Protein chains: 2
Amino acid sequence: MERVYNFNPGPATLPVEVLREAQAEFLNFDNSGMSIVEISHRSKPYEKVHNQAKADILELMGLGDDYEVLFIQGGASLQFAMIPLNFATKEKPGAYVLSGTFASNAYKEAQNLGVGEIAASTKDENFKRVPRQDELKINPNAAYLHICNNNTIFGTEFHYVPETGNVPLFADMSSDMLSRPVDFKKFSLIYAGVQKNLGAAGVVVVVVKKSFVEKSLETLPTMLRYDTFYKKNSLYNTPPAFAIYIVGKVVAWIKNCGGLGEMERRNKIKAKLLYDAIDNSDGFYRGHAEKDSRSFMNVTFRLPNEELEKKFVAEALEKNLSGVKGHRSVGGMRASIYNAMPIEGAEALADFMDKFRKANS
Amino acid sequence: MERVYNFNPGPATLPVEVLREAQAEFLNFDNSGMSIVEISHRSKPYEKVHNQAKADILELMGLGDDYEVLFIQGGASLQFAMIPLNFATKEKPGAYVLSGTFASNAYKEAQNLGVGEIAASTKDENFKRVPRQDELKINPNAAYLHICNNNTIFGTEFHYVPETGNVPLFADMSSDMLSRPVDFKKFSLIYAGVQKNLGAAGVVVVVVKKSFVEKSLETLPTMLRYDTFYKKNSLYNTPPAFAIYIVGKVVAWIKNCGGLGEMERRNKIKAKLLYDAIDNSDGFYRGHAEKDSRSFMNVTFRLPNEELEKKFVAEALEKNLSGVKGHRSVGGMRASIYNAMPIEGAEALADFMDKFRKANS
């Protein structure tokens with residue numbers, strides 16, 4: 001089958017150049033006579049990959065020596081627990097902004113540990129927007145304020161960096177990491193499951209101020225302590241080497257494309273194509289997100305009825321437009337247009353949306 | 001470079017047939033028009049891979065419906081913590097057999113939680129053998145007895161299944177899982193980081209009696225509860241799909257080869273080649289493990305002095321025999337001859353050992 005345009009929310013489409021490179025060298029990595037999945041994580045060729053990926057991530061983010069990149073398994077869902085376990089206490093709780101499902105899941109882990117509190121929530125509006133700065137009630141004694149920067153399911157995104165005073169800002173950027181320039185220095189900890197914008201499922205990239213991870217609580221299990229990863233360069237135990245290797249290739253691809261500014265340029269073009277198709281549809285397509293919270297990564301919309309929605313999914317697939325079905329919390333459609341989605345993919349979907357509307361209005 | 005014989009302890013050599021298959025379909029998995037690293041974990045083609053891998057593992061182990069296969073990230077090192085967190089208490093502690101570094105690391109996690117005790121140890125003998133049945137002091141009130149079935153670093157292996165009375169038997173089989181038939185029904189929980197005998201680093205296979213994982217403590221973080229994985233078929237969050245896919249291909253390869261009996265036949269031939277080279281060397285090569293504890297997976301031995309050991313490593317590499325340097329805890333050499341190491345690889349190493357000895361005696 002020919003290559004499809006894959007609008008799935010994650011695992012998601014990857015740059016075809018990255019896939020081709022990985023395929024070509026899959027049996028003989030760096031002329032080692034073995035595969036990247038066979039080579040020792042203590043070997044020089046592997047370490048080069050590992051350290052280059054880290055350096056490229058910091059460079060793209062414009063961060064210096066006071067930040068560290070960690071590679072941790074378990075998905076963002078394990079970070080939801082590691083963060084309060086490492087940083088929050090009953091006296092200094094973690095404060096959470098509830099802007100969607102994953103933001104709420106992060107809060108639930110802190111709550112279950114008795115160390116979480118809510119700083120703002122748009123749950124009553126079915127998360128159709130992110131809270132505004134003036135809605136954030138930040139406990140000045142909080143250990144951190146946690147936000148989910150882009151809400152994959154609802155198609156909303158923070159278009160501002162919250163001001164938090166002296167409270168450290170933490171962010172789950174699983175679905176918009178490295179998709180555009182952000183003032184990353186305002187964040188103390190950023191993490192992302194890589195299977196959306198950064199690679200193949202199996203690793204989380206954590207970018208954190210070193211001062212936060214130099215020494216963790218000794219009562220925590222080894223693999224839940226950030227200092228285990230920090231002190232051992234994320235090589236305390238065998239890392240998910242293939243996943244890190246693909247991250248390395250993806251960030252190198254981002255650099256080669258021109259960096260985060262170029263990613264933003266492309267992502268805005270793609271998002272505009274789809275939001276225009278919604279806004280110019282005379283109400284045939286109804287966006288879920290409020291306009292000023294619209295995500296550049298996940299475009300969510302409903303059709304006039306569920307029957308048409310099923311028809312849309314089926315006919316889109318016939319045009320090689322795959323994965324446009326939305327999450328059940330929102331219904332309708334969701335088109336994920338991460339870094340690796342070509343502009344041509346968004347053009348093809350916008351074109352299909354237009355034709356489908358005309359044929360079914 | 002031509003393909004080397006890779007004797008590394010993990011990540012380790014994989015069946016070249018598996019690598020070639022993965023390479024061939026890397027850009028178009030199951031005719032989906034996308035890569036296995038891009039496809040949704042909620043899609044039918046992925047679920048087929050996931051469920052087939054589980055079924056094949058249980059079939060190879062001769063286990064029935066009362067066991068479940070879980071796929072968990074974080075390495076065996078995270079299992080070292082999850083096991084006591086889920087199963088041990090101060091009243092019913094976890095009992096540990098210390099037979100090597102990883103066995104001891106597992107114990108340390110339980111000890112750190114205040115719920116571990118030692119049932120036996122061969123630390124005073126630098127772990128040159130595993131404890132005998134008559135040395136096991138099993139607290140009848142223990143939540144489980146934990147063993148490490150094969151000790152990668154020291155080159156020792158359990159050649160018996162401990163009798164534990166009513167105490168459930170748990171085993172880390174990271175380095176000998178599916179390498180030979182074992183009476184797996186005697187175990188309540190078996191786990192293995194896959195990067196030795198089962199695949200590419202990034203997932204742990206946990207095979208467990210369902211009764212142990214149906215309901216976990218609600219106070220534990222979601223990702224540390226076994227029931228999270230059990231109830232959601234290891235799909236609560238995005239799984240490490242590529243790692244599971246490779247596991248699926250490796251277990252299918254084991255089945256195609258003839259199953260665990262055939263693996264044992266091959267592994268015994270390989271081990272005999274190397275142990276014979278040691279035993280027939282007039283003391284030039286000195287095995288670390290006592291004979292009745294010798295591992296079929298990792299053959300550890302010293303040479304007369306460290307200078308010769310360095311020379312051995314260097315000259316072996318010239319013959320495309322890679323990764324024979326031992327761990328610093330033992331020194332000398334370690335040849336890992338997991339399932340995927342061809343008999344020809346062991347023959348080549350045995351032949352080299354013989355020639356090297358003659359040239360340097």
Side-chain angles (χ1 to χ4, degrees), chain A residues 1-4 6 8-14 16 19-20 22-23 26-28 31-35 37-41 43 73-78 80-81 85 105 108-109 112-113 193 195 199-203 218-219 221-224 236-243 246 320 322-323, chain B residues 1-4 6 8-14 16 19-20 22-23 26-28 31-35 37-41 43 73-78 80-81 85 105 108-109 112-113 193 195 199-203 218-219 221-224 236-243 246 320 322-323:
Chain A
M1 188 174 177
E2 69 177 303
R3 192 161 164 82
V4 300
N6 174 6
N8 270 300
T13 194
L14 288 173
V16 70
L19 297 175
R20 288 201 181 114
Q23 181 180 43
F26 192 62
L27 263 84
N28 188 10
N31 202 29
S32 64
M34 42 184 117
S35 172
V37 297
E38 300 179 300
I39 200 165
S40 171
H41 58 297
S43 66
Q73 295 183 65
S77 296
L78 186 59
F80 298 165
L85 283 168
N105 287 350
K108 279 179 204 156
E109 294 297 329
N112 191 38
L113 295 164
Q195 68 271 13
V203 72
E218 286 172 9
T219 49
T222 307
M223 295 300 288
L224 301 179
Y236 168 78
N237 68 344
T238 312
F242 184 79
I246 296 289
N320 273 350
S322 177
Chain B
M1 188 175 179
E2 68 176 303
R3 191 159 166 82
V4 300
N6 172 6
N8 270 301
T13 193
L14 287 174
V16 71
L19 298 175
R20 289 202 181 114
Q23 182 180 42
F26 192 63
L27 264 86
N28 188 10
N31 202 29
S32 64
M34 42 183 116
S35 172
V37 298
E38 301 179 301
I39 200 165
S40 170
H41 58 297
S43 66
Q73 294 183 67
S77 296
L78 186 58
F80 298 166
L85 284 168
N105 286 351
K108 277 179 207 156
E109 294 298 330
N112 190 38
L113 296 163
Q195 67 272 14
V203 71
E218 287 172 9
T219 48
T222 307
M223 294 301 286
L224 301 179
Y236 168 77
N237 68 343
T238 312
F242 184 78
I246 296 288
N320 272 351
S322 177

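Below, each value reflects all heavy atoms present in this structure, side chains not excepted, and no hydrogens, waters or symmetry copies. Bear in mind the structure is a predicted one, so any value in this text is a computation, not a measurement. Numbered from 1 within each chain, the chains take letters A, B, ... in sequence-line order.
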Return the option, out of [options], with the maximum number of heavy-atom pairs under 4.5 Å with chain B.
| options | value |
| --- | --- |
| Gln73(A), Glu109(A), Glu218(A), Met223(A) | Gln73(A) |
| Leu27(A), Thr13(A), Leu224(A), Asn105(A) | Leu27(A) |
| Ile246(A), Asn237(A), Asn8(A) | Asn237(A) |
| Gly10(A), Ala22(A), Gly74(A) | Gly74(A) |
| Lys108(A), His41(A), Arg20(A), Arg3(A) | Arg3(A) |

Q | Asn28(A) side chain near Met34(A) side chain, heavy-atom distance below 4.5 Å | A | no
Q) Between Pro11(A) and Glu38(B), is any pair of side-chain heavy atoms under 4.5 Å apart? A)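 No - every pair of side-chain heavy atoms lies 4.5 Å or more apart.
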Determine the minimum heavy-atom distance between [X] and [Y], stating which atoms define it.
| X | Y | answer |
| --- | --- | --- |
| Ala243(A) | Gly202(A) | CB-C, 4.1 Å |
| Ala201(B) | Pro239(A) | CB-O, 3.4 Å |
| Pro221(B) | Asn112(A) | N-ND2, 4.5 Å |

Residue part contacting chain A, namely of [X], when any heavy atom lies under 4.5 Å:
| X | answer |
| --- | --- |
| Asn320(B) | neither |
| Gln195(B) | side chain |
| Ile39(B) | backbone |
| Ala12(B) | backbone |
| Tyr236(B) | side chain |
| Pro9(B) | neither |
| Ser43(B) | neither |
| Thr219(B) | backbone |

With respect to chain A, which residue among [options] yields the maximal number of heavy-atom pairs within a distance under 4.5 Å?
| options | result |
| --- | --- |
| Ser77(B), Gly199(B), Ser35(B), Ala200(B) | Ser77(B) |
| Ala81(B), Gly33(B), Pro240(B) | Gly33(B) |
| Leu85(B), Leu78(B), Val16(B) | Leu78(B) |

Q: Measure Glu2(A) against the heavy atoms of chain B and call it side chain, backbone, both or neither at under 4.5 Å.
A: backbone
Q. With only heavy atoms counted, which part of Asn31(A) is less than 4.5 Å from chain B, the side chain, the backbone, both or neither?
A.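 Both backbone and side chain of Asn31(A) come within 4.5 Å of chain B.
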Q. Would you call the rings of Phe26(A) and Phe242(B) parallel, tilted or perpendicular, where under 30° means parallel and over 60° means perpendicular?
A. perpendicular
Q | Distance, nearest 0.5 Å, that separates CG of Asn6(A) from CG of Leu14(A) | A | 9.0 Å
